[in-house]
There are 4 protein chains.
Amino acid sequence: MSKDYNVIAGRSVERLAALSDDVFAVAMTLLVLDLKGPASALIHSEAELADALIGVAPHLLVYLMSFLLLGIFWVGQQTQLNHLARSDRGLSWIHLAFLFFVSLVPFTTGLMADYLHYRLALGIYWLNILALGAVLYWALCHSQTHQLVDGEFGDAHSLAIRRRILSAQALYALGAALCFIDTVVSLGFILLVQISYAMGLGLSRRART
Amino acid sequence: MSKDYNVIAGRSVERLAALSDDVFAVAMTLLVLDLKGPASALIHSEAELADALIGVAPHLLVYLMSFLLLGIFWVGQQTQLNHLARSDRGLSWIHLAFLFFVSLVPFTTGLMADYLHYRLALGIYWLNILALGAVLYWALCHSQTHQLVDGEFGDAHSLAIRRRILSAQALYALGAALCFIDTVVSLGFILLVQISYAMGLGLSRRART
Amino acid sequence: MSKDYNVIAGRSVERLAALSDDVFAVAMTLLVLDLKGPASALIHSEAELADALIGVAPHLLVYLMSFLLLGIFWVGQQTQLNHLARSDRGLSWIHLAFLFFVSLVPFTTGLMADYLHYRLALGIYWLNILALGAVLYWALCHSQTHQLVDGEFGDAHSLAIRRRILSAQALYALGAALCFIDTVVSLGFILLVQISYAMGLGLSRRART
Amino acid sequence: MSKDYNVIAGRSVERLAALSDDVFAVAMTLLVLDLKGPASALIHSEAELADALIGVAPHLLVYLMSFLLLGIFWVGQQTQLNHLARSDRGLSWIHLAFLFFVSLVPFTTGLMADYLHYRLALGIYWLNILALGAVLYWALCHSQTHQLVDGEFGDAHSLAIRRRILSAQALYALGAALCFIDTVVSLGFILLVQISYAMGLGLSRRART
């Protein structure tokens, strides 16, 4: 393996961002393939269709949760990428690892949707979230150690992102632990955490002033 | 949750646009997976193939409608995004919500294709359109309240977009209401509205001069 | 419908290009979903696997043809988009129509793969190609009539693109007509035309000097 | 075919990069469709679910390998594209050929996952890797012969990339040859090679100082 190759490889932040957006978009949209309407042969009235769609509702909820999850990590990743002056091969691979776990979300979500009452399914879903957070944390460390961040990005930014990742992961871990009470309680808690992060809207408004 | 994080998160209009384009593209193209040719074992002549394809035609029409719908909202969203000087975390999440409803279009469309004569299926399709319009309206309000728009974007622009969203949604609501007469009439009306918006071509030509 | 809206809508060439790349990419890649290996329960030896894969070969060929087709039209579209100074709402919709026919390629290709010996399937495939060419031609006319092209783009460029579209379409039409002899001859001819366009490599080399 | 057309066609490096990112993203994410949880009707306890998921594990491993493979070639391709000053029609088509083989990865991977113990499946997977390397090597030669590279790109860069492609392909070929001992050994070896390339992290760190 040539050292030279590693120096010239993987330097474009722009293409890393583009690939990431693409993977997120496909992962976000593929999930909808899991939403299947009922087979039309089985439906003979509006009431039967309504009943059948109520059966689809849990899947829609799970889809929403995953979309939220992907949204949270998309915002999290772009916040880091926006402050990169350049990339290197190592960082490209860390983000590729991140995208690997992003691409697993439709699978782990589908599993959880099919096995709502199984702790194993919830545990796998949580491991996916954990991996996303851990790799994003690693990306931050790598980009700081290797001085890839831009001039604007100071210690306050770094601290804010680290705190954010760690506190979110703590809450997800707590939510996952609730599965020892009940997997639906666990899922509900995780959903609340996700919604509150997406709702950061209000906070963000205050923070601007 | 750190205020700092919310201040630095979600600021890139460019990446928001890129993610949006990706989600639209996947949603537009996934719909085609619903177009399935007949199973070849059942077909023994050109006439039988023609018959089978005539059975596919309603699905093609529905696909066209959804493509039109996605096209209309893609143009609508990019019109707003083009006039953003910057984004914030709140706006990113509003657009993520928009993309969530974009990603549902293949599902709600597929449902309508399978249950053309059920008001419930049409109602869900309409709710999807309504949600798309409402979230886009919300995005406009948010970007103005938070001064995210660029210098070129004045009150006339804002008014034009608002009027456009409201008048279109009024027509879609009217179309949806027609389902109490007949769902096919309802669908036909919505299709005509969509085509007339896409055909804005002529108007646009005059408007330029 | 507000005139103002039509004036401010659909002006970004960049986002049109991004959406187009996305739709092409998904269409190019979705086709591979049609390539299915044999069910593993049916295979008990290398020889049986080889036999089964020989059965997949025609689909691979068809996939290659469609990839070629999408590649040809992607190059064709980007050649036009690269020379746009700006876009308008009309042009956005013409390109959306183009993308609609792009997104149909996996369907029409799949149909042809399943019904290789049916003229109807070949006819539909050819209509798809015809629509792609016609809409691209329309896009060129529109962008010239509305002065959307950049300063570099002169009459020689326009003529070159027009000649290229018309001659290619004439050859595709000839190829399609060959289906009255045999659909496989027809397909083979279209494939040769496509390969010779992709092979423009050699010509391009000479043209540069 | 007009020479003029070939001169003006396919010149945008940016759009080539965008299309490539899109195709990679879809190919990376489509692979996850092959990961299917067990049918819920068959599962009645956590233990049964665990058993069923252990059955999914080989597919996950294969998915990881393919993701690695796509990652390696994505980094490889962007390293070249980042150093292009411009493109031409020939180079566009070489990269389209590259993307064709990229889009085949989900198919050849799925085949290998289904027929882990068949040399034919492994051989096809290896041919896919070989084609990716060969086309990328061809792209490098073409871009140098036609002076499409930027000023920064010197002979040292070219040599580094060539050496990298050739040494990697030599190792993959060796790995593929191991299938005459055992296909699983062969796969394991290829996986180790891929991981060591992705792990180039450490080397890259040293190379920077």
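All chains are named by letter (A, B, ...) in the order of the sequence lines, taking the proteins before the strands, and each is independently numbered beginning at 1. What you see is a predicted model, and the numbers here were worked out from it, not measured in a lab.
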Handout entry: Selection from B/Val26, B/Leu68, B/Val56 maximising heavy-atom pairs under 4.5 Å formed with chain C
Key =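 Answer, by heavy-atom pair count under 4.5 Å with chain C: B/Leu68.
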
Under a 4.5 Å heavy-atom cut-off, does chain C meet the side chain of [X], its backbone, both or neither?
{"X": "B/Leu159", "result": "neither"}
{"X": "B/Glu48", "result": "neither"}
{"X": "B/Leu81", "result": "side chain"}

Exercise for the section: Taking heavy atoms only and a threshold strictly under 4.5 Å, list by residue number the residues of residues 115-124 of chain C that touch chain B; give 'none' if the list is empty. Expected result: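 Listed by number: C/Tyr115, C/His117, C/Tyr118, C/Arg119, C/Leu120, C/Ala121, C/Ile124.
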
Looking at [Y], is its backbone amide N or carbonyl O close enough to the side chain of [X] to form a donor-acceptor pair, meaning the two atoms are under 3.5 Å apart?
{"X": "B/Tyr137", "Y": "B/Leu132", "value": "no"}
{"X": "B/His95", "Y": "B/Leu91", "value": "no"}
{"X": "C/Arg15", "Y": "B/Ala18", "value": "no"}
{"X": "C/Arg86", "Y": "C/Asp150", "value": "no"}
{"X": "B/Asn128", "Y": "B/Ala131", "value": "no"}

Completion exercise
The residue among C/Phe101, C/Phe98, C/Phe100 that forms ring-ring contact (aromatic ring centres under 6.0 Å, His included) with B/Phe67 is C/Phe100

Fill in the blank from the handout: Per-residue tally against chain B (heavy atom, under 4.5 Å) across C/Val102, C/Leu104, C/Asp114 peaks at C/Leu104

Handout entry: C/Ser143 and C/Gln80 side chains, donor-acceptor separation under 3.5 Å
Key =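 No donor-acceptor contact under 3.5 Å links the two side chains.
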
Practice task
Decide yes or no for C/Leu19 and C/Leu96: does some side-chain heavy atom of the first lie under 4.5 Å from some side-chain heavy atom of the second?
Solution key: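 The answer is yes; the side chains approach within 4.5 Å.
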
